[in-house]
Number of protein chains: 2
Amino acid sequence: MKIETKFPRENARDYALRIMKNNILSLDLKPGTVISENELATELGISRTPVREAIIELSKAYLIETYPQRGSFVSLIDPKMVEEARFIRRITDTAVIELACEQIDEKGIAVLEENVVLQEFYLSKGMTDKIFDLDNQFHKSIYDIAEKDIVYEIHSTLMLHFDRVRNLSVSTVKDFKVVGDHRNMLEAIKAGDKKTAVELVNKHLNRYQIDEKEIRSKRPEYFKA
Amino acid sequence: MKIETKFPRENARDYALRIMKNNILSLDLKPGTVISENELATELGISRTPVREAIIELSKAYLIETYPQRGSFVSLIDPKMVEEARFIRRITDTAVIELACEQIDEKGIAVLEENVVLQEFYLSKGMTDKIFDLDNQFHKSIYDIAEKDIVYEIHSTLMLHFDRVRNLSVSTVKDFKVVGDHRNMLEAIKAGDKKTAVELVNKHLNRYQIDEKEIRSKRPEYFKA
DNA sequence: AAAGATATACTTGTATACAAGCATACAATC
DNA sequence: GATTGTATGCTTGTATACAAGTATATCTTT
């Protein structure tokens, strides 16, 4: 469990939420780990109440399971859950990138262009750890362009199911492909080419489907069924 | 604010959540209404903690807005929010009904058939208030058939944005159309006719788009912008 | 030794107390 | 009269106390 310091004006609940999300995503909180409200509260230097509130929110996203009077646990990787998260991601990404193709303007192009340039830069420097955030930011920008930013927000926590599996795969090998996908998506959006854009989204998301089976055998204790 | 009694084994948080959802949906809690944690707690006969936890959850779904040290309010109807909820509903319903066309079996047909028969029965008896729940149940069943029940669950609270606008419209006039839609959807699913099924979903959801503008002028105080 | 009762140390759920900030009413001052 | 300071009562945010249930270890009993 890696604990960063609290931001100046960040309230205790958001702080607890941020730390827990990060650690679940990075697998520093491994699937199945026990989470004690009291313990976490003292570790974070806050009281039980905001910690508990954060846990409840993660429970609603099925990232933590709470059994009354017994304990709370980081959810095991549930293939059905991952599949449904991927499903949501696929159909919304698809619909949103079509809208982006229609509604794109120069400002939007500039935002995406800057992002992809940075990805290409960090890739060429081998700083692939920077790419994960840029990846997410790229997709968020597309939602912004399509004026579906609330949809993105609503689904963001849920996508941790998806992203934590990403983090389990030997992903760095394929970073250059991911960056290439983004470059191609950008060009398709600029050209208003919906068909290609949609194809790219599906190809992009399919990259992660294969890895899941790889790691299943390596870390069976992380999986539910 | 209409307050029903607590279920036997229902915990205080779920109780508060249920009551608040119902009242927001039915507009007994009108958009803009102040919600005091203390007041609601005493009304429900529970303490502030579970009430607060319920309010936080509804805040995450943008159904309540909380301003620290100032108060919490039932969110005004935000056309962008409604539009994004409708967007989610449309694209997921579309994708899910396609899957249902592929994965339907006799058991699934039986469930849908029973539901539609009941809708037709209540419609013929003029008991249109029963139809709302059956409508939701019908759609949930389709998600179950497509094995996307978590997707339904995740989105269910969000759909209150959509449903409360439904409740504001002079909807009873069109109940027979809604029931007809469901009958047609069922037949399309049985026939495995994806194209027709998708068309029906879009037609179905478009029925509510018109009403919004009608009521906007009648109840401008409910709207955000 | 095996089985069962029991104490104990946890857990989450709920209630309550306190802290900090905002808004309003009202009084004092210019 | 207008403005400013202030007291008051509200709000949510956080901390803590208590309730109730579970699991485990240990002791007692057979």
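Just so you know, these numbers come straight off a predicted model, no measurement behind them. All chains are named by letter (A, B, ...) in the order of the sequence lines, taking the proteins before the strands, and each is independently numbered beginning at 1.
Considering only the side chain of B/Q69, D/dG13 comes nearest among C/dT12, D/dA15, D/dG13. Distances from the side chain of B/R70 to the nucleotides D/dG13, C/dG13, C/dC22 place C/dC22 closest. When the nucleotides C/dT12, D/dT12, D/dT16 are ranked by their closest atom to the side chain of A/T49, D/dT16 comes out on top. Distance from the side chain of B/I46 is smallest to C/dA15 among C/dT14, C/dA15, D/dA20. Considering only side-chain atoms of A/P68, the nucleotide from C/dG13, C/dT14, D/dT14 that sits closest is C/dG13.
Listed pair A/S72 / C/dT12 meets the phosphate criterion, a side-chain N or O lying under 4.0 Å from OP1 or OP2. Between A/R48 and D/dT16 there is no side-chain N or O to OP1 or OP2 distance below 4.0 Å. The side chain of B/S47 contributes no N or O atom lying less than 4.0 Å from OP1 or OP2 of C/dT14. For A/S36, a side-chain nitrogen or oxygen approaches OP1 or OP2 of C/dT11 to under 4.0 Å.
What separates OH of B/Y15 from P of C/dG13 is a distance of 19 Å, to the nearest Å. With rounding to whole Å, A/E37 atom CD is found 15 Å from D/dG21 atom C1'. Taking atom CD of residue A/E53 and atom P of nucleotide C/dG13, one finds them 13 Å apart after rounding to whole Å. The distance from atom CZ of B/R52 to atom P of C/dA17 is 17 Å, rounded to the nearest whole Å. Atom CG of B/N11 is separated from atom C1' of D/dG21 by 14 Å (rounded to the nearest Å). Between the P atom of D/dG21 and the CZ atom of B/R9 lies a distance of 13 Å, rounded to the nearest Å. What separates CD1 of B/I35 from P of D/dT11 is a distance of 12 Å, to the nearest Å. B/E65 has its CD atom 14 Å from the P atom of D/dT12, to the nearest Å.
Note: A/H155 and B/H155 have tilted aromatic rings, judged against thresholds of 30 and 60 degrees for the angle between ring planes.
Between the side chain of A/E53 and the backbone N or O of A/R13, no donor-acceptor pair lies under 3.5 Å.
Taking a cutoff of 4.0 Å between a charged side-chain nitrogen and a carboxylate oxygen, A/R86 and A/E84 do not qualify as a salt bridge. In this structure, B/K80 pairs ionically with A/D149, as a charged nitrogen and a carboxylate oxygen lie closer than 4.0 Å.
Nucleic acid contact for B/I56: none, since no nucleic acid atom lies under 4.0 Å from a heavy atom of the residue. Heavy atoms of B/I55 sit nowhere under 4.0 angstrom from any nucleic acid atom.
In this structure, A/R164 fails the cation-pi test against A/Y222, since its NZ or CZ atom is not both closer than 6.0 Å to the six-membered ring centre and inside 45 degrees of the ring normal.
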